[in-house]
Each structure stands twice: as C-alpha cells, then as structure tokens.
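Contents: one structure, followed by commentary.
These numbers come from a predicted model, not from an experiment.
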Amino acid sequence: MMRLNDPELVRRQYAQEHGLAVRRDSQLRFREGPDAFDVAFEAVAEAEPRRVLEVGCGMGNFAERVARTTSADVVATDLSPRMVEIARERGLDARVADVEELPFEDGEFDCAVANAMLYHVENLDRALVELKRVLGPSGRLVAVTISAEHMAELWELVGYRLPERPFSRENGAECLARHFAEVRREDVDAELVFPDASSVHDYVDSTIFSDEVPRPLPDFQGPFRSGVRATVFVAAP
C-alpha cells in the first residue's frame, strides 16, 4: 500500500497546482458547515504574532490571509518550486524549504503553521523538532489535519481503502506531545455535498490516491454527501 509520506509520491502530487486547486474549489463550493482553516486562522490571530512561518504553504492562500489581515510579517515555505512560485505571485515572501531542515534561526518566529501537510512528512519527529526550534519560548504551532474517517463515504463509494495517516486527528496529540509541553485539539466537522457524479470523479482524480482507485468510477444521479472530519491542533513549547 502507498505511503502518504513517500517523498517521490508527494513531489509528483504537488509539482503542479491542479489537484490542490480542484480540492480547494470543492471545499469552497460544496462545504456545508465550518471550515478548519478559519479555526486555524483564529488560532494564529489570537496570538498576535509579529512573525509567522507557514510550512507546506501550497498556493499561499492561508499565508496571504494572515499577511493581509494581521500585522504579522509572514514567511511561507514549500518543497514544491511551483507552489512557491504561485505564492510569490500573491506578493508573499515565499521560499523553497524542507520542514525537516528549516533555514531559519532558533526562536525566529512567534507562530508556525502546518496546514494539512504533516502527514506528508517522511520524518515527522524531525520536522516537529525543527518547528519547535524556530519558535520563541511563548510561540505556538498551529497544525491542521484530518481524521481516518475524513470523506469516508466517498472512499467507500469508489471502493478504496485509505492508507494510515502518520499525523491525524487520532494520533496527532500523541505525536505533538513528544515535543511540545501543551497541546490543544479542536475538531471541525462539516460535509461536502457534491451535486453530481462528475464532481465526485473530479475530486477523486485530484487526490494523491487517484492511480490506486478502482476504475471505472461509479456513476449515480443526484447529490452525494460525504463527511469532512478535520482537526486543528495548537501546540506550545
């Protein structure tokens, strides 16, 4: 079975923005209920940070929101040169960097953000050590992840069993507690209501699992509902 933190698989998935853009669009258009990224943003904003680091920034949507609506100096990083290019087009200070070996000084940031990316990291403990290192004594890490039950109805529909996530709702607190003194968890559940089979197919085809999903994908009439099961962790040194 595939590993979600296989470096080559992750590299291929995020070499271009199409897949991520499809999933983001689905979340924006079809979600009924709260958004975990809104909860994560509030966790960043309430700390009133002077300097924020986002690792695995993707296309830079979250980092841009922080830069635009707070007074923080924001640095965004990603392993994908294409994602960094898109983030820079948003006017961000974006850099290619590996969360397992961050090119920053000790205590350089008041807040670090890892949105839906820690389960892609090959050496999770090394990444968490690095994230803690670059935070000041009163800093915080805000990390968004998902549950083993995330989109369970969709994956059951297409007959695919998801691999275990190295960092998830179920194990995230334990992972963080190995490195951080305080860990707070907030679950954020919602639903995606896909209007038709085509929108479900587009979502499946956009994912890192696409090549392993049995074909052909099932056809059906009418809307299809699947549960979004996200969690926001806030960890302090």
inquiry  = For a quick test of reading the model, state the closest non-hydrogen atom pair linking Asp78 to Gly58 and the distance between them.
reply    = OD2-N, 2.9 Å
inquiry  = If you count every heavy atom of other residues, nucleotides or ligands that lies below 6.0 Å from Gln27 atom CD, does the total exceed 12?
reply    = yes
note = Here the gap from Leu20 atom CG to Glu17 atom CD, rounded to the nearest 0.5 Å, amounts to 9.0 Å
Proximity of Phe37 and Phe41 rings by center, below 6.0 Å = no
inquiry  = Just checking Gln221: does its CD atom have more than 12 heavy atoms from other residues, nucleotides or ligands closer to it than 6.0 angstrom?
reply    = no
request  = Decide yes or no on side chain to side chain contact (heavy atoms under 4.5 Å, CB included) for Phe180 and Phe233, but give the supporting numbers first.
outcome  = CA-CA 11 Å; Phe180 292 85; Phe233 289 103; over 6 Å; no
Listed partners of Phe104 passing ring-ring contact (aromatic ring centres under 6.0 Å, His included), at least two apart = Phe109
task = Using side-chain contact (heavy atoms from CB on, under 4.5 Å) as the criterion, point out the one residue from Thr77, Val113, Val74, Leu135 that pairs with Leu53.
result = Thr77
query = Heavy atoms, side chains only, cut-off 4.5 Å: are Arg95 and Val75 in contact?
reply = yes
key: Working for side chain to side chain contact (heavy atoms under 4.5 Å, CB included), residues Arg65 and Asp38   = CA-CA 10 Å; Arg65 180 180 180 183; Asp38 289 340; 2.8 Å; yes
request  = Please report the C-alpha distance between Ser210 and Arg215 in whole Å, then the side-chain angles of each, then the deciding distance to 0.1 Å, and finally whether the side-chain hydrogen bond (donor to acceptor under 3.5 Å, both in side chains) criterion is met.
outcome  = CA-CA 10 Å; Ser210 177; Arg215 305 292 169 149; 3.1 Å; yes
task = Before giving the answer on salt bridge (charged side-chain N to carboxylate O under 4.0 Å, His left out), spell out for Glu191 and Arg225 the whole-Å C-alpha distance, their side-chain angles and the decisive distance to 0.1 Å.
result = CA-CA 7 Å; Glu191 281 192 314; Arg225 307 178 77 93; 2.7 Å; yes
task = Decide yes or no for Phe30 and Pro195: does some side-chain heavy atom of the first lie under 4.5 Å from some side-chain heavy atom of the second?
result = yes
Asn5/Val10 under side chain to side chain contact (heavy atoms under 4.5 Å, CB included): CA gap, chis, key distance, verdict = CA-CA 7 Å; Asn5 57 356; Val10 173; 5.7 Å; no
task = Please step through salt bridge (charged side-chain N to carboxylate O under 4.0 Å, His left out) for the pair Arg88 and Glu85, ending with a clear verdict.
result = CA-CA 5 Å; Arg88 285 176 177 167; Glu85 179 184 12; over 6 Å; no
query = Do Leu124 and Leu118 come close enough that some side-chain heavy atom pair is under 4.5 Å?
reply = yes
inquiry  = Test your reading of the model: is there a side-chain donor-acceptor pair from Glu182 to the backbone of Pro237, 3.5 Å cut-off?
reply    = no
query = In terms of ring plane angle, is the pair His120 and Tyr14 parallel, tilted or perpendicular, where the classes change at 30° and 60°?
reply = perpendicular
Ion pair Asp189/Arg169, N-O distance below 4.0 Å = yes
ask   = With no hydrogens and no angle check, is any side-chain donor or acceptor of Glu130 less than 3.5 Å from a backbone partner on Leu102?
value = yes
request  = Would you give the length of the straight line joining atom CD of Glu212 to atom CE of Met2, rounded to the nearest 0.5 angstrom?
outcome  = 4.5 Å
request  = Taking the side chain as every heavy atom from C-beta outward, state whether Val52 and Thr70 have any atom pair closer than 4.5 Å.
outcome  = no
request  = Looking only at non-hydrogen atoms, find the nearest pair between Glu122 and Pro7 and report the distance.
outcome  = OE1-CG, 3.3 Å
Asp25 vs Arg23, salt bridge (charged side-chain N to carboxylate O under 4.0 Å, His left out): CA-CA, chis, key distance, verdict = CA-CA 5 Å; Asp25 183 64; Arg23 295 191 298 280; over 6 Å; no
message = If hydrophobic clusters are built by linking Ile, Leu, Val, Met, Phe, Trp and Tyr wherever their side-chain heavy atoms come under 4.5 Å apart, do Trp155 and Val228 end up in the same one?
response = yes
query = How about Leu131 and Val55: do any of their side-chain heavy atoms sit closer than 4.5 Å?
reply = yes
request  = Identify whether Ile86 and Leu79 are in the same connected component of the hydrophobic contact network (ILVMFWY, side-chain heavy atoms under 4.5 Å).
outcome  = no
Check: Asp196/Ser199 side-chain N/O donor and acceptor closer than 3.5 Å = yes
ask   = Do Leu157 and Phe209 belong together in a cluster built from hydrophobic side chains that touch within less than 4.5 Å?
value = yes
query = Does the Arg90 side chain pair with the main chain of Met59, one donor and one acceptor, at a distance under 3.5 Å?
reply = yes
key: Atom pair CD (Glu149) and CZ (Arg229), whose distance is rounded to the nearest 0.5 Å   = 8.5 Å
query = How many angstroms lie between atom CD of Gln13 and atom NE2 of His18, to the nearest 0.5 angstrom?
reply = 10.0 Å
note = Rounding to 0.5 Å, atoms CZ (Arg24) and OG (Ser206) come to a distance of 13.5 Å
key: Distance in Å, Asn115 CG paired with Cys57 SG, rounded so as to fall on 0.5 Å steps   = 10.0 Å
key: Heavy-atom pair with the smallest gap, counting every atom of Ala36 and Val188   = N-CG1, 3.7 Å
request  = Could you tell me which non-hydrogen atom of Ala45 sits nearest to which non-hydrogen atom of Pro49, and how far apart they are?
outcome  = O-CD, 4.4 Å
ask   = Is there side-chain contact between Val99 and Met117, with heavy atoms separated by less than 4.5 Å?
value = yes
Asp110 side chain near Arg140 side chain, heavy-atom distance below 4.5 Å = no
inquiry  = Tell me whether Glu48 at atom CD has more than 12 heavy atoms from other residues, nucleotides or ligands lying less than 6.0 Å away.
reply    = no
inquiry  = Taking atom CZ as the centre, does Arg161 end up with more than 12 heavy-atom neighbours from other residues, nucleotides or ligands that are less than 6.0 angstrom away?
reply    = no
task = Please tell me if the side chains of Leu128 and Leu141 come closer than 4.5 Å, counting only heavy atoms from C-beta onward.
result = yes
message = Working note: Asp73 + Arg50, criterion salt bridge (charged side-chain N to carboxylate O under 4.0 Å, His left out); need CA distance, chi angles, decisive distance, verdict.
response = CA-CA 6 Å; Asp73 177 23; Arg50 294 167 300 157; over 6 Å; no
query = Are more than 12 heavy atoms from other residues, nucleotides or ligands located less than 6.0 Å from atom CD of Glu164?
reply = no
Ser147 side chain to Glu170 side chain, donor-acceptor N/O pair below 3.5 angstrom = yes
query = Do Val158 and Ile208 share a hydrophobic cluster (ILVMFWY, side-chain heavy atoms under 4.5 Å, transitive)?
reply = yes
task = Would you confirm whether Asn171, through its side chain, and Ser168, through its main-chain N or O, come within 3.5 Å as a donor-acceptor pair?
result = yes
request  = Go through the steps for Val142 and Val232 under the test side chain to side chain contact (heavy atoms under 4.5 Å, CB included), then give the verdict.
outcome  = CA-CA 7 Å; Val142 177; Val232 180; 4.0 Å; yes
ask   = Are the side chain of Glu64 and the backbone of Leu92 linked by a donor-acceptor contact shorter than 3.5 Å?
value = no
key: Heavy-atom neighbours of Glu105 CD exceed 12 at 6.0 Å   = no
task = Verify the neighbour count for atom CD of Glu156: are there more than 12 heavy atoms of other residues, nucleotides or ligands below 6.0 Å?
result = no
ask   = What orientation do Phe194 and Tyr203 show, parallel under 30°, tilted 30 to 60°, or perpendicular over 60°?
value = perpendicular
query = How far apart are the closest heavy atoms of Pro218 and His201, and which atoms are they?
reply = O-NE2, 2.8 Å
